[in-house]
**Q** 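Structure incoming, see below.
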2 protein chains.
Amino acid sequence: MSNNAIARNYAVSRVQSKCTTCSLRELCLPVGLDERETEILGELIDHKFRIRRGEHLLHTGLGFKSLYTVRNGFFKSYVLDSDGCQQVTGFYMTGELLGLDAISSEKHTCDTVALEDSEVCEVPFAKLEEISRDIPLLMHHFHKIMSREIVQDHNIMMLLGSRKAEERLAAFLLNLSERFAKRGYSSTNFILRMTREEIGSYLGLKLETVSRSLSRLQEEGVIAINNKHVRLNDIQRLSRKLYSSSDR
Amino acid sequence: MSNNAIARNYAVSRVQSKCTTCSLRELCLPVGLDERETEILGELIDHKFRIRRGEHLLHTGLGFKSLYTVRNGFFKSYVLDSDGCQQVTGFYMTGELLGLDAISSEKHTCDTVALEDSEVCEVPFAKLEEISRDIPLLMHHFHKIMSREIVQDHNIMMLLGSRKAEERLAAFLLNLSERFAKRGYSSTNFILRMTREEIGSYLGLKLETVSRSLSRLQEEGVIAINNKHVRLNDIQRLSRKLYSSSDR
DNA sequence: CGCTCGGTTGACCCGTTTCAAGTAACGTGG
DNA sequence: CCACGTTACTTGAAACGGGTCAACCGAGCG
């Protein structure tokens, strides 16, 4: 099994590599790879980091070497513009890939901070490109991941550009819901790891507006919200919130 | 020169491939490639399309086969959401790559339409991935292009999320200015290919607000605008517009 | 136990949207 | 080439959504 060209080139170790046993295989980079390919990928992920809540994983301006996959936990990325105004560009959960923005300039363009105690796997980018030459599926999947990021950003642009506060919140909650569901958590009952201010920053709203919109959704009975804990009572009705705006 | 492994594999034709003589080499996909590599890339770009102003190059939902590079002309991409509201997601000019959003789902997620008579080169994506296995520089450059798209989207998100109308316009004009400059056109004197409505859609504003903001910038003497023709009189002052907002 | 930080709610204000009217540019067909 | 209709653009006045400021509450942490 290890007796083939690829295995020789990459000197697959006998110790079980981390990826092969990782429960995230199907969410993360190794999607669709076979055992051997996964093992090769696992070889390259040499470091696993533990990041405590509030600590930074990445800083703007930092030289780019690696991508990071969230092994567990929760992150936010944000950009600080010239006058110190912070804008959250994304929230990242288990299996998602951090640092894609840095490939173009070879410097990170966001700060990334853990919103709860978390672990990440470091993926040295040069090595990733190298082995993806031999594992076309990996290369293709990586392209899909980057493309997905672009699509997601377009969706956010859509929200920011033409949706009212309540619609943005609805979209935000539904997006979280889906992502939790995909990870085997409840799609209707979850904890918001971020503050109202961070939600607002992501959605282009002030924290007071976030608070008010959530309150209104609760009054309407569509959601129940208690501090950080949310329950989606009526996903149907929540979804309908998205379809009711003016043109722009 | 054609007598090597790569050339044999890809049967480089003797006819000069389009990329090698293309003036866009350094803006487009072949950045940094040597003659032979460029020729191989050129081999794969088998079709060149002419798109008339107002015609669509891509439709949402269309199956994904190829990327397209703008050879000359000007495009906009937009998404139509559920209730028919149109949001422009980007403007594309010479040398820029269209269709990256479609890689993830294998369907196009935007409509793309020419804002003036244009030409594009079709880049079959499967072939691009294939040859990028043999041309690591091409693969890497492609990753940079995707990453750049992500960074750009983050910048737009920033604008949409926390900037006032006039600041958005200033950022928009400066961005166009830079891109024109990079293509050898005047950075202070150019034609807006898009309507006020399209600018507004891109920037999350109504066309009237775009018009008013442009008028104000003109009153201040920072720009001169006459219909579609813009002149940036004071880039310094225009840049300073970006640094003066509240937090969010 | 008290302090701090995050969250909620109210009142007021401001910027952008909306609605409307009028003008300028453009493309088409005669 | 001109006349026409259409589309794009500008500008004003009024309405409204979200921002701002401020007070208060509640949870979590040291």
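Residue numbers start from 1 in every chain, and the chains themselves are labelled A, B, ... in the order their sequence lines are given, proteins ahead of strands.
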**Q** Base, sugar-phosphate alone, or nothing: which one does Arg216(B) contact when heavy atoms must sit under 4.0 Å apart?
**A**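 No contact.
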**Q** Separation of Leu217(A) atom CG from dT8(C) atom P, in whole Å?
**A**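 It works out to 12 Å between those atoms.
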**Q** Could you state the CZ-C1' distance from Arg52(A) to dC29(D), rounded to the nearest angstrom?
**A**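 Atom CZ in Arg52(A) sits about 16 Å away from atom C1' in dC29(D).
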**Q** How long is the line joining CG of Asp117(B) and C1' of dG27(C), in whole Å?
**A**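 About 14 Å, once rounded to whole Å.
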**Q** Provide, to the nearest angstrom, the distance between the CG atom belonging to Leu169(B) and the C1' atom belonging to dG15(C).
**A**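 The answer, rounded to whole Å, is 14 Å.
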**Q** Around Lys228(A), counting heavy atoms of other residues, nucleotides and ligands shown, do more than 12 lie under 6.0 Å from its NZ?
**A**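 Buried by this count: over 12 neighbours within 6.0 Å.
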**Q** Roughly, in whole Å, what's the span from NZ in Lys206(B) to P in dA20(C)?
**A**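 These atoms are roughly 15 Å apart.
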**Q** Mind checking whether Phe142(A) and Phe125(A) have parallel, tilted or perpendicular rings, split at 30° and 60°?
**A**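 Geometry flag for Phe125(A) against Phe142(A): tilted rings.
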**Q** Any side-chain heavy atom of Lys241(A) within less than 4.5 Å of one from Leu174(A)?
**A**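 Result no, sub-4.5 Å side-chain heavy-atom pair not found.
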**Q** With a 4.5 Å limit on heavy-atom distance, are the side chains of Ile156(B) and Tyr202(B) in contact?
**A**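 Yes, side chains in contact.
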**Q** Using a 4.0 Å heavy-atom cut-off, write out nucleotides 6-13 of chain D from 5' to 3' as B (base contacted by protein), S (sugar-phosphate only) or - (no contact).
**A** ---SBBBB
**Q** Does a side-chain N or O from Lys164(B) land closer than 4.0 Å to OP1 or OP2 of dT16(C), or not?
**A**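 Negative; the distance criterion is not met.
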**Q** More 5' along DNA chain C: Arg53(B) or Ser213(B), using each one's nearest nucleotide?
**A**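 Its nearest nucleotide lies further toward 5', so the answer is Ser213(B).
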**Q** Please determine if Lys144(B) and Glu106(A) form a salt bridge, counting it only when a charged side-chain N lies under 4.0 Å from a carboxylate O.
**A**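 So Lys144(B) pairs with Glu106(A) through a salt bridge.
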**Q** Yes or no on side chain to side chain donor-acceptor pair (under 3.5 Å) for Ser77(A) and Thr89(A), after CA distance, side-chain angles and deciding distance?
**A** CA-CA 6 Å; Ser77(A) 287; Thr89(A) 54; 4.7 Å; no
**Q** To the nearest Å, give me how far apart CD (Glu198(A)) and P (dG6(C)) are.
**A**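 About 9 Å, once rounded to whole Å.
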**Q** Return the value, rounded to whole Å, for the distance between atom CG of Leu160(A) and atom P of dT16(C).
**A**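 Atom-to-atom, Leu160(A) to dT16(C), this comes out as 15 Å.
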**Q** Scan nucleotides 22-24 of chain C against the protein and return all N/O pairs shorter than 3.5 Å with their distances rounded to 0.1 Å.
**A**
none

**Q** Less than 3.5 Å apart, any donor N or O on the side chain of Thr60(A) or Asp111(A) sitting next to an acceptor on the other?
**A**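 Distance-only check passes for Thr60(A) and Asp111(A).
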**Q** If you count heavy atoms of other groups shown closer than 6.0 angstrom to CZ of Phe180(B), is the number above 12?
**A**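 Check passes, neighbour count above 12.
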**Q** Whole angstrom is fine here: how far is it from CZ in Arg163(A) over to P in dG18(D)?
**A**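 Rounded to whole Å, this separation is 12 Å.
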**Q** Could you tell me whether the side chain of Ser66(B) reaches within less than 4.5 Å of the side chain of Val123(B), counting heavy atoms only?
**A**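 No, every pair of side-chain atoms sits at 4.5 Å or beyond.
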